[in-house]
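What follows is a short report on a single structure.
Predicted model only: the values in this text are computed from it and were never measured. Chain naming here is simple, since letters A, B, ... match the order of the sequence lines and numbering starts at 1 in each.
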Protein chains: 2
Amino acid sequence: MKPHLTSINDIAKALNVSASTVSRALKDHPDISEATRNKIKEFAAKVNYRPNALALSLKKQVSNTIGIVVPELVHHFFSSIISGIEDIAYSKGYRVMICQSNEDFQREEINVQALLDHRVDGLLICMSKTTENFQHFISAYNNQVPMVFFDRVCKAIDTDKVITDDFNGARQITSFLIETGCKSILHLGTHPQLDIGQERLKGYMQALSDHHIVFDPDLVINCDTPKGVEEKKDHILSISRQIDGIFAVNDSTAIAAMHLLKENGYDIPNQISVAGFGDDPVANLVDPALTTVEQQGYQMGQEAMSLLQERLSDKENEIPPRTKIFQPALKKRNSTRLQFKN
Amino acid sequence: MKPHLTSINDIAKALNVSASTVSRALKDHPDISEATRNKIKEFAAKVNYRPNALALSLKKQVSNTIGIVVPELVHHFFSSIISGIEDIAYSKGYRVMICQSNEDFQREEINVQALLDHRVDGLLICMSKTTENFQHFISAYNNQVPMVFFDRVCKAIDTDKVITDDFNGARQITSFLIETGCKSILHLGTHPQLDIGQERLKGYMQALSDHHIVFDPDLVINCDTPKGVEEKKDHILSISRQIDGIFAVNDSTAIAAMHLLKENGYDIPNQISVAGFGDDPVANLVDPALTTVEQQGYQMGQEAMSLLQERLSDKENEIPPRTKIFQPALKKRNSTRLQFKN
DNA sequence: TATCAGATTGCAATCGATTGCGGCAATAAA
DNA sequence: TTTATTGCCGCAATCGATTGCAATCTGATA
């Protein structure tokens, strides 16, 4: 069951010429006579000849393929980033190989290694939540593999990065909660080792401080998935009587929390306002619609691929590492009070 | 900026042996003395040697890579299918290359061609909505490329297929609508050239017939996305007074329709019941939660990859084409009345 | 007729890894 | 001392495509 696709040698044999003549004829090399060229081109078209990309990559030492590692495709943010990457990649003549780490460090290591084994020209990476050892990245970096991190970046490596201004986004949305009347805001956060988690927490704290509200560490819970909300529902419910707002690190967690509260008789947003982060399309479909900040996944993907492409074209290696920061935009919806209330 | 990764020849030169000796030593060939073997293995480990997958694929004429073409990654159904595929693929030692057609025929053609150029061992395909010409599939099929279609299959090719029982799913959910009191059900359907669209329409019609309801062609609208609902909202609203139920071809369309009706003052489900297809996670998050049928994307992906893997191992080419049919399960939620009402 | 330029085409090496076969040495057997 | 055996390793071809250089042939010029 092995497919047999026509090679340049097959054509050469069939037409009684050498492989080099075929190769030259197909790319209009002036050395080849018109008669021979036409003969070869016609035959190639007839048998639907296509150059073997593996052989080409091996010979040219360039695969025109870039590798992507994302935590999970099922999240809209990541799949829209990938669309952004792909659209730029296609337009520049690159193919992409997509891998999921499933938020698992070992799978991430294997993925990076496999992509390097396939000699991708560069890497686009969003780290898994559980990655604390960066040796696989450092090793690739030391081997001169061009790489761009996006969203969850690796601080240990000085390369291109595309990120959201998580601090500012969190500060904005927390401020909005406070300005619409919230005085006691629960933060559902993510793993402390993730930069985005730290930044969003800092933004939350900064907003409190901006409004002279004392930070209460008991109002921060490590809980960043709907499953996490389910697991910690007793904790969340026990705390729910003393809060009037929730800022969750992402939309799905915010929505899960909102459902939990609704089920337990809370009026959203009048008793408790709920806000998320990311502006997943779901945010607009739930009831009440979720207030959140928009992360421009598609554009971030485009930017990441553009940075990588520039680096790949930079033969003299003179581009310094760059960091592109996307400003998230507040999306006011009905899961939070819209006006100031005292 | 080209990465330099160590090759077997680099090792050979460094240790003053031949490349063949290195190759044999690394795979414990008995011809190589223990001393030489250890020396080579130690050096290889030190420089972090990894075999070039391109060279291996070229030499062995097997890439251990399979190609996937899906319409769009952002849909949960497709990304969960991919997770199912990947998990099986990894466990069998295969890598995957994922392509999106964006529901565009030409992009699909390009994707298939690019995957074949990369000499994938097999293809896993879900056709785009706009594909009406199957030459790119037929050509691959004629070249003996093992392929499995899933969800949206290509009838023109006699190969493995993994599908949902769309007819039965549509019949079930339409029957449920009727049995809970609906007498006039609008169907929001997809392109007629898609099998899944035809089957779901047939299932809908069969359910009507089962319950002695006369089919009304005016109650079928070609509308299969939230955007489509927006575009046809006047049509839908003009028809809304004469209906008491909607069966949409997928969940996102059903939800969009539900929102449209809610905005226009309809009570869901008491005035109009709404049902979807697919059981996207969103279905459970909207209010009211959407009644739908569950399509087991992850399991379908696993099955598709398993079929392909069996075919790849079938050197004698004696496995006949198989079709696996997944039965969708009704998920009763609150967007439809739960009891019979007259 | 000898020589040369120009037009065509093939040879062979290369990319990285694999593998059948042959070669060389040391040791054992005759 | 000669022959055979065994252990260990390298040569060279191969996968598909590219490319510098050499080779061949034609027709033209001296």
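Closest to the side chain of A:K59, from the set C:dT18, D:dC15, C:dT14, is C:dT14. In the set D:dC9, C:dA17, D:dT18, the nucleotide with an atom closest to the side chain of A:L56 is D:dT18. Distances were taken from every side-chain heavy atom of A:S33 (C-beta onward) to each of D:dT18, C:dA17, C:dT8; the shortest belongs to C:dT8. Among the nucleotides D:dT19, D:dG10, D:dG16, the one closest to any side-chain atom of A:R24 is D:dT19.
If you check every strand for non-hydrogen atoms under 4.0 Å, B:D31 touches a base. Heavy atoms of B:V17 sit under 4.0 angstrom from primed sugar atoms or phosphate atoms, though from no base atom. When heavy atoms are screened at a 4.0 angstrom cut-off, B:S57 is found touching no nucleic acid atom at all. Residue-level contact check: A:R50 touches the backbone only, with heavy atoms under 4.0 Å from sugar-phosphate atoms and none from bases.
A:I125 places none of its side-chain heavy atoms less than 4.5 Å from the side chain of A:C154.
As rounded to whole Å, 14 Å separates atom C1' of D:dG20 from atom CD1 of A:I32. A straight line from NE2 of A:H118 to C1' of C:dG16 spans 14 Å, rounded to a whole angstrom. We find that CG of B:N52 is positioned 16 Å from P of D:dG16, with the value rounded to whole Å. We find that CG of B:D28 is positioned 14 Å from P of C:dT19, with the value rounded to whole Å. Atom CD in A:E34 sits roughly 14 Å away from atom C1' in C:dA7 (whole-Å rounding). At whole-Å resolution of the value, NZ in A:K27 and P in C:dT9 are 17 Å apart. Taking atom CD1 on B:I8 and atom C1' on D:dC11, their separation rounds to 15 Å, with Å as the unit. Computed from coordinates, the B:R119 CZ to C:dG16 C1' distance equals 18 Å when rounded to whole Å.
Judged by distance alone with a 3.5 Å cut-off, no donor-acceptor contact links the side chain of B:S18 to the base of D:dC11. A:S20 contributes a side-chain N or O that forms a donor-acceptor pair with the base of C:dC11 under 3.5 Å.
If A:P30 and A:L58 are placed on DNA chain C by their nearest nucleotide, the residue sitting closer to the 5' end is A:P30. Take the nearest nucleotide of DNA chain D for A:N9 and for A:T21: the residue whose nucleotide is more 5' is A:N9. When each of B:N16 and A:K60 is assigned the nucleotide of DNA chain D with its nearest heavy atom, B:N16 is the one assigned upstream, toward the 5' end.
Distances shorter than 4.0 Å separate some side-chain N or O of B:Q61 from OP1 or OP2 on D:dG16. Taking 4.0 angstrom as the limit, B:S23 places a side-chain polar atom (N or O) nearer than this to OP1 or OP2 of C:dT18.
The aromatic rings of B:F78 and B:H75 are tilted relative to each other, their planes meeting at an angle between 30° and 60°.
Considering only residues two or more places apart in sequence or on other chains, A:F77 meets the ring pair (Phe, Tyr, Trp, His ring centres under 6.0 Å) condition with none of them.
Here the CG atom belonging to A:L54 is positioned 8.0 Å from the OG1 atom belonging to B:T65, to the nearest 0.5 angstrom.
Between B:R107 and A:D87 there is a salt bridge, since a side-chain N of the basic residue sits under 4.0 Å from a carboxylate O of the acidic one.
A donor-acceptor contact under 3.5 angstrom links the side chains of A:S313 and A:Q309, judged on distance only.
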